[in-house]
2 protein chains.
Amino acid sequence: MAGELVLGEVVTSKSEQTKAEILRAALEVLRESGAEGLTMRGVANACGRKLNNVQYYYKDKAVLLNSLANYHFQLCENFVEDFEPSSGELSAKAQLHEAIVYSLNYAASLSDSCLVFRELWAISTRNEAVQANLTDYYTEAFNRMVEFWYDYPLENRKKAAAILVPYVDGYSIQCQALPYSEAEMANLLTDVIYAVLTKELAE
Amino acid sequence: MAGELVLGEVVTSKSEQTKAEILRAALEVLRESGAEGLTMRGVANACGRKLNNVQYYYKDKAVLLNSLANYHFQLCENFVEDFEPSSGELSAKAQLHEAIVYSLNYAASLSDSCLVFRELWAISTRNEAVQANLTDYYTEAFNRMVEFWYDYPLENRKKAAAILVPYVDGYSIQCQALPYSEAEMANLLTDVIYAVLTKELAE
DNA sequence: GTAAAATTTGGTCGACTGACCAATATTTTT
DNA sequence: AAAAATATTGGTCAGTCGACCAAATTTTAC
């Protein structure tokens, strides 16, 4: 009886499960075919439903798209929270290095969510709702990063996050064009970010 | 062959001029309507031509898209070359700061080319030709940056470029979500990049 | 068990797309 | 001036799109 958990929420109605199922399919279509190829019919096929059925849950393509973007952001937040620093006793810098390796690997592997972001960046240019939700997502990503480094001075943490968080997105785009391996970039970034985190504050 | 479009001085055949005129219109359509809205008819309208006429010069939508991407990369290279450091005598760090301000301003202003890149990032996911040309473009951007800092050690220049060049792309996406102004980020980045450039080389 | 609500299906509609063919007009070459 | 190459136009084609309506089916509430 107890419905599947969707996104960590409590029991969801069947209707909500169906909507989530459709969003999962829509996300797959968006990733594989881009915004051009994201059609109501395509989504319906991807989840074994009829066009009219999808339209019953999402009356508009605009509604579907906005829900889709938010669903993606939720998935990404869950993913980020999955990162657990290894339990061994690492130096502060080694902990930082571990997190940076994790981040760059995510970006360079061109994971599904990475490709979806590319679509959403383009979509957000002409879709204010998606744009607003995207900005909110990045604000939260920034705050999570700031909290992650809790034992450094706050101002330094903010500066470090303001460098690292955007960098990861840029790296996901350009990593193939850089003359350094992922590991080399991780080492370089660790040095740079660590210097920012540990810089003495001017008073 | 002489088929390359020359954007400036050299005399181009009428055919080449027409092709360039079409690409200009196509670029405008791509920027305003995205990859979804980029249609042969739309491009034709944007340059006051008939559909069949556009198809005469670009038989395929795929051909048009690839030419369009290359045209955009050319424009961007011209734009970057337009940057001239101010002629006054600036300290090394002030020169760096000037270039970083220029870069961040380009990214944060969401200029036309900035928005077109968002489309191309998405398109390149499913278009190998565009993907290859995009990577080439970034490689050249990286090399230009490395050359720009000619009086620092080469290894440091490469590291600095490997940080700054991707960062600018990420910044163009996230700048609205960061708690720092453009000027503040420029100051922060200047400190960070300068430290990388001037770091003593391990032997 | 029946009525009401929620869900699923079938079918249609005008609008738009890229590709294609044939014909005309313009420019260039001879 | 005639011929040839280049450029432009008109029209058609099958395919796809989102939106919409009406009906049938299933589930839920009473």
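Lettering follows sequence order; numbering is per chain, from 1. Just so it is clear, the structure is predicted and the values come from calculations on it, not from any experiment.
The NZ atom of A:K59 sits 19 Å away from the P atom of C:dT8 (whole-angstrom rounding). The separation between A:L51 atom CG and C:dT7 atom P is 18 Å, rounded to whole Å.
Here the nucleotide nearest the side chain of A:N52, chosen from C:dT8, C:dA19, C:dG10, is C:dG10. With C:dT7, C:dT8, C:dG11 as the candidates, the nucleotide lying closest to the side chain of A:N53 is C:dT8.
Taking the six-membered ring for Trp and thresholds of 30 and 60 degrees, B:Y152 and B:Y194 have ring planes more than 60 degrees apart, a perpendicular arrangement. Using a 30° and 60° split on the angle between ring planes, A:F117 and A:H72 fall in the perpendicular class, above 60°.
Looking at B:Y58 and B:V43, their side chains never come closer than 4.5 Å, going by heavy atoms from C-beta outward. Between B:R157 and B:F148 there is no side-chain heavy-atom pair separated by less than 4.5 Å. Side-chain contact between B:W149 and B:L96 is present, with at least one heavy-atom pair separated by less than 4.5 Å.
Of the possible donor and acceptor atoms, one in the side chain of B:N156 sits under 3.5 Å from a partner among the backbone N and O of B:K199.
Electrostatic pairing of B:K93 and B:E98 does not count as a salt bridge here, judged by no charged N lying under 4.0 Å from a carboxylate O. Between A:E21 and A:R49, at least one side-chain nitrogen of the basic residue sits less than 4.0 Å from a carboxylate oxygen of the acidic one, meeting the salt-bridge criterion.
When DNA chain D is scanned 5' to 3' for any atom under 4.0 Å from a heavy atom of chain B, the first and last hits are D:dT6 to D:dG11.
The residue among A:T18 and B:A62 whose nearest nucleotide of DNA chain C lies closer to the 5′ end is A:T18.
For the contact set between residues 29-50 of chain A and DNA chain D, defined by any heavy atom under 4.0 Å, the members are A:L38, A:T39, A:M40, A:R41.
We find the CG-CZ distance between A:L68 and A:R24 to be 12.5 Å, quoted to the nearest 0.5 Å.
With 3.5 Å as the limit, one finds no donor-acceptor pair spanning the side chains of A:Q95 and A:S91.
What you find for B:G170 and A:D169 is that their closest heavy atoms are CA-CB, 4.2 Å.
Each end of the helix from C:dG1-D:dC30 to C:dT30-D:dA1 yields a helix axis from five base pairs, and these two axes differ in direction by 10° (to the nearest 10 degrees).
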